[in-house]
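Below: one structure, written as structure tokens.
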There are 2 protein chains.
Amino acid sequence: MARIPAAERRAALVEAALRVVSRRGIAQATTRAIVAEAGMSLASFHYAFDSRDELIDELITTVVAREQQAVLPDELDGHDLREMLEAGLLRYFDHLRADPEHEQAMLELTQYALRSPDRHPLAVAQYARYAELAARSLAAAAELTGVVWRTPVEQVARVLIAFTDGLTLTWLVARDDDDARAVAHAAADALSRMADPR
Amino acid sequence: MARIPAAERRAALVEAALRVVSRRGIAQATTRAIVAEAGMSLASFHYAFDSRDELIDELITTVVAREQQAVLPDELDGHDLREMLEAGLLRYFDHLRADPEHEQAMLELTQYALRSPDRHPLAVAQYARYAELAARSLAAAAELTGVVWRTPVEQVARVLIAFTDGLTLTWLVARDDDDARAVAHAAADALSRMADPR
DNA sequence: ATGCGACTGGGACAGTCGTCCCACTTCGTC
DNA sequence: GACGAAGTGGGACGACTGTCCCAGTCGCAT
């Protein structure tokens, strides 16, 4: 095995772990499965990380930070707010369909974090980050379409996150595209009605 | 240990397993943890069930069948459709707040089922059952308030399920009651707009 | 070139997992 | 009261887990 500095190895292991969790679930993401995916030995694992838990924690924070650009539309389109929101949700849906295992992995990581008091803050931070990004998009959308949010945009953002999660979970189970689009449509409708013309 | 016929033991083990999954998560629901919770020996477990997988499968189907009365409001109240839907969602939210661990367990069981091809149909059936119950409520609500659903009530039902899941997941992470109520409000709004006056 | 710290490989550890076995006890039936 | 079936208990198994150890090797600064 080529010699790789510990810092790079940490990153490689996190990537390998994400692939394993996506493909086989977090329960199957054992230290051995992860090092096999990364093509290294067990000793390298524990040279780079003190424990599996430490790796999982880093996996969660890494992956959350990266979600940033994936979910956020870099450009908003649509003529009015409702259309713009629906386009955004459908964009997320495309993202979900393109890599369902990834979103399933994110869901599993959240639930995993929820189970231990030590890790609970990670799940909360994950959602706070999502909400922050959503709030930024919602503020921009309101600006562009000349409306103002009736309730604080942070709360609208959290409603959007809830709708997105629901869409994800339902589609992952049923894999019904029409249902998912109906959810996106209804969600966009509901959200757009939380704003008033300026 | 008192002598118990295998059929009763199966039921007792399923109940014990549900408690363990609720309290500690499905990963911790080992055969030993389950029999300890049920107060019996390992041999009794494998006398009643061929394997742990068989127990988990029965747990999922049992618990889904039971969800029936918990989520379905036995009486609908509210003057118009929107109020009626919001009251129903808030009722579900009360149910969630009263026993969050149970809903978290349901979510985990769904994800667990999603991970193996053999069990995937169980998750699909679980959601189909939810949708069926939701459809019945939605049809009754439309009847009572004199409206008709613009899209087939089954699809409206699946949108409702998605919203409910989103509400559940978001609240389980953030435990913010105001956010949850905002989600319920927005969801009721969206759903009510999927119907026209008769 | 040489030494030292960074890195690697393989094997081993103790603990836990699902499952199985077998001797034993209880129960209903004749 | 005997007997076979049903149910029980404890201990054992092989497989797998996370973690650790240690002898060895590489690369870089001197």
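Just so we're on the same page: letters track the sequence lines, and every chain starts at 1.
For the pair A:E154 and A:R136, the salt-bridge criterion is not met [side-chain N within less than 4.0 Å of a carboxylate O]. Between B:R10 and B:E54 there is a salt bridge, since at least one side-chain N of the basic residue sits less than 4.0 Å from a carboxylate O of the acidic one.
Residue A:R10 contributes atom CZ, which lies 16 Å from atom P of C:dA6 at whole-angstrom precision. We find that CG of B:D53 is positioned 12 Å from C1' of C:dT19, with the value rounded to whole Å. Regarding B:L55, its CG atom lies at a distance of 15 Å from the P atom of C:dC17, rounded to whole Å. Summarising the geometry, the separation between CD1 on B:I34 and P on C:dT16 is reported as 17 Å, rounded to the nearest angstrom. In this structure, A:L13 atom CG and D:dT19 atom P are separated by 13 Å, rounded to whole Å. Atom CG of A:L42 and atom C1' of C:dC13 are 13 Å apart (whole Å). Spacing between atom CD1 of B:I4 and atom C1' of D:dG9 amounts to 14 Å, rounded to whole angstrom units.
Less than 4.0 Å separates DNA chain D from at least one heavy atom of each of the following residues of residues 45-52 of chain A: A:H46, A:S51, A:R52. A heavy atom lying under 4.0 Å from DNA chain D marks the following residues of residues 18-31 of chain A, by number: A:T30, A:T31.
Side-chain contact, B:D179 with A:Q155: a donor N or O sits under 3.5 Å from an acceptor N or O. Counting only N and O atoms by type, the side chains of B:T110 and B:Y127 include no donor and acceptor under 3.5 Å apart. In the model, A:W149 has no side-chain atom that pairs as donor or acceptor with a side-chain atom of A:D196 under 3.5 Å.
Across D:dA6, D:dG27, C:dG10, the shortest atom-to-atom separation from the side chain of A:R3 is found for D:dG27.
Here the options are B:V147, B:L85, B:D80, the test is side chain to side chain contact (heavy atoms under 4.5 Å, CB included), and the partner is B:S192; only B:L85 passes.
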Apply the test side-chain contact (heavy atoms from CB on, under 4.5 Å) to residues A:Y130 and A:Q126: give CA-CA distance (whole Å), side-chain angles for both, the deciding distance (0.1 Å), then the verdict. CA-CA 6 Å; A:Y130 288 166; A:Q126 182 181 352; 3.4 Å; yes
Evaluate side-chain contact (heavy atoms from CB on, under 4.5 Å) for B:L13 paired with B:M40, printing each intermediate quantity in order. CA-CA 9 Å; B:L13 281 167; B:M40 48 179 95; 3.8 Å; yes
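Under the rule for a salt bridge (charged side-chain N to carboxylate O under 4.0 Å, His left out), B:D50 has no partner lying at least two apart in sequence or in another chain.
With hydrogens and angles left out, the side chain of B:R32 and the base of C:dT16 share no donor-acceptor pair within 3.5 Å.
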